[in-house]
Amino acid sequence: MTPPLNLEDAQTRLLALLQPLAVRTYPVDGSARLYVAEKVVARRSQPPVDLSAMDGYATCGGGPWFLKGESRAGAPYDKLLGKGDAVRISTGAQMPLGADAVLLQEDAQVEGTDLTANAPPTARFIRRAGLDFASGDILLEPGTRMGAAQIALARAGGCGSVVAHERPRVAIIECGDELCADPQDCRDPQIPAVNGAMLTEMAREAGGEVTATAPVPDDADALVRAIESQAEAALIVISGGASVGPHDLVKPALEAAGFALDFWRVAIKPGKPLLVATRGDAVVLGLPGNPVSSFVTGFLFMMPAIRRMAGARDCVPRAVPLRLAAPVPEGGKRREFVRAAWTGDGVIAADVQDSSALRPLAQAQVLIDRAAGADPAKTGTFVPCYLLESGGYA
Ligand SMILES: Nc1nc2c(c(=O)[nH]1)N[C@H]1C(S)=C(S)[C@@H](COP(=O)(O)OP(=O)(O)OC[C@H]3O[C@@H](n4cnc5c(N)ncnc54)[C@H](O)[C@@H]3O)O[C@H]1N2
Ligand code: MOO
């Protein structure tokens with residue numbers, strides 16, 4: 001048996017098997033979780049003209065001023081202001097020609113058409129044309145993930161569509177005789193199947209278009225049939241049966257279906273018995289069945305694999321240093337991904353780190369990356385952490 005790979009080598013091997021998918025044009029409003037394949041370029045400037053950043057008065061020169069009219073958002077005042085002139089102005093309304101400052105409404109005194117100030121007007125409240133971007137600027141680089149802010153930016157730039165990679169088709173197969181599809185109708189010794197639903201969410205978050213099958217029994221033929229039925233998928237993810245027991249059938253089933261093993265086992269905890277196999281262009285990712293092992297390997301391997309096919313610039317999660325709010329013991333034999341909760345004061349590792357324990361996982365905001373054999377770390381130490389809500393994709 002070859003020794004387990006280290007994490008980065010295993011991720012590199014998996015990603016090298018996959019290519020970004022074809023590109024097409026998508027309406028910008030439907031582009032969430034896609035990765036742009038071509039630069040998104042501004043077709044207009046933002047703001048297109050100088051605007052007021054506050055409600056108040058656009059003024060020209062020192063006061064007092066004579067109020068000549070109003071500039072509202074969408075309805076500008078279209079005459080030139082001379083010294084001593086002012087107009088009422090709203091946030092987002094165009095600065096009239098000749099105006100050089102904005103007087104805050106709170107600092108203004110108005111009597112009829114006479115305006116005086118308790119504090120001087122300032123040019124700081126003018127939002128200059130092109131402050132955000134100018135026409136022709138690159139708004140989004142290829143490989144950027146479309147999300148709420150990116151959709152807003154592309155729209156602001158006058159773009160109605162983006163060119164992005166197709167969503168990778170991902171098939172998720174969970175296996176085990178003990179698994180029951182309906183969590184409400186599950187009698188001992190059956191257990192509710194959780195990994196399929198969990199990995200489906202994670203795969204969608206990474207940009208995949210997911211098909212999940214009902215749990216497959218621990219039977220090599222049934223598993224082969226399930227794999228063959230998903231032959232259209234760019235990535236087949238199998239959860240469970242990846243270990244060494246007599247009912248751990250994934251490896252033999254894959255061999256029977258003509259897949260070649262690329263690698264098996266990675267030196268991480270949880271998640272050691274991960275496997276990758278290929279047949280032609282088809283790639284199978286076999287994740288260990290313990291739910292937390294499936295989650296962690298889904299996070300470290302499945303999501304990056306999907307991002308790679310979806311054309312992401314950065315595929316693997318990125319760690320950020322966070323402060324320990326409680327000490328952690330020395331690292332074990334394998335590099336460990338420790339479930340931890342974020343408090344205002346820092347991160348606290350959960351007491352229970354068993355790879356079957358879903359409660360500490362669901363209460364965690366981060367995974368602390370603990371090197372094998374790391375020294376014990378005290379409160380206040382900064383440790384590398386992966387943020388779970390963003391899929392570790394910063
Ligand atoms: N002799 C050895 N035994 C084990 C080793 C080893 O090296 N030598 N590795 C252990 C490690 S580490 C892991 S992780 C597990 C992974 O095993 P499998 O991938 O074969 O997973 P299963 O045996 O199928 O299931 C493990 C556990 O998780 C539950 N499970 C599985 N799938 C689901 C699901 N979809 N939803 C909910 N729960 C699920 C299953 O009932 C088991 O309790 O192997 C160790 N053993
Ligand atoms: O690697 Mo297993 O995932 O330790 O439980």
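Note that ligands are numbered from 1 as they come in the structure, with each ligand's atoms numbered from 1 the same way. Because the structure is predicted, anything quoted here is derived from the model rather than measured.
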Non-hydrogen atoms of [X] versus ligand 1: any pair closer than 4.0 Å?
X: G286; result: no
X: G176; result: no
X: S356; result: no
X: S355; result: no

Problem set entry | Minimum non-hydrogen distance to atom 5 (O) of ligand 2, winning option of A267, G332, P270, S355 |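 Heavy atom nearest to atom 5 (O) of ligand 2 belongs to S355.
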Protein heavy-atom partner closest to [atom] - residue, atom, separation in Å:
atom: atom 33 (C) of ligand 1; answer: N195 ND2, 3.3 Å
atom: atom 1 (O) of ligand 2; answer: G271 N, 2.7 Å
atom: atom 9 (N) of ligand 1; answer: S243 OG, 3.4 Å
atom: atom 11 (C) of ligand 1; answer: P273 CG, 4.0 Å
atom: atom 15 (C) of ligand 1; answer: N290 ND2, 3.6 Å
atom: atom 23 (O) of ligand 1; answer: D248 OD1, 3.7 Å

Polar contacts were defined as any N/O atom of the residue lying under 3.5 Å from an N/O atom of the ligand; does this apply to [X] and ligand 1?
X: E174; value: yes
X: G289; value: yes
X: G240; value: no
X: V194; value: yes
X: G241; value: yes
X: E178; value: yes

Heavy-atom distances under 4.0 Å are what count here, so tell me which part of [X] touches ligand 1: side chain, backbone, both or neither.
X: P288; result: both
X: V250; result: neither
X: P270; result: neither

For [Y], is there an ion pair with [X] - N to carboxylate O distance below 4.0 angstrom?
X: E205; Y: R145; result: yes
X: R204; Y: E201; result: yes
X: R127; Y: D132; result: no

As an exercise, identify every atom of ligand 1 less than 4.0 angstrom from a heavy atom of [X].
X: P291; value: 28 (O), 38 (N)
X: A193; value: 36 (N)
X: I191; value: 38 (N), 41 (O)
X: S293; value: 14 (S)

Counting from 1, what ligand 2 atoms have a heavy atom of [X] closer than 4.0 Å?
X: N290; result: 5 (O)
X: K272; result: 1 (O)
X: S293; result: 2 (Mo), 3 (O), 5 (O)

Side chains of [X] and [Y], donor plus acceptor under 3.5 Å:
X: S294; Y: S239; value: yes
X: D345; Y: T343; value: no
X: D55; Y: T91; value: yes
X: R88; Y: Q105; value: yes

Problem set entry | Joint cluster assignment, L81 & L67, ILVMFWY side-chain distance < 4.5 Å | no
Exercise. Could R370 and F337 be counted as a cation-pi pair, given that NZ or CZ must be under 6.0 Å from the ring centre and within 45° of the axis?
Worked result: no
Exercise. With a cut-off of under 6.0 Å to the ring centre and 45° to the axis, is K68 in cation-pi contact with F66?
Worked result: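 Pair K68/F66 does not count as cation-pi.
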Problem set entry | N or O contact, R334 vs ligand 2, cut-off under 3.5 Å | yes
Seminar exercise, completed: side-chain contact (heavy atoms from CB on, under 4.5 Å) test vs L17 passes for just one of L285, D262, D281, namely D262
Heavy-atom donor-acceptor pair, [X] side chain to [Y] backbone, under 3.5 Å:
X: D50; Y: A129; result: yes
X: D177; Y: D218; result: yes
X: D85; Y: C60; result: no

For this session: Work out which heavy atom in H165 is nearest to a heavy atom in L34; give both atom names and the distance.
Result: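 Scanning both residues, the minimum pair turns out to be O-CD2, 3.5 Å.
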Problem set entry | Parallel, tilted or perpendicular, as decided by the 30° and 60° cut-offs, for the rings of F299 and Y386 |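 The arrangement is perpendicular - the two ring planes meet at more than 60°.
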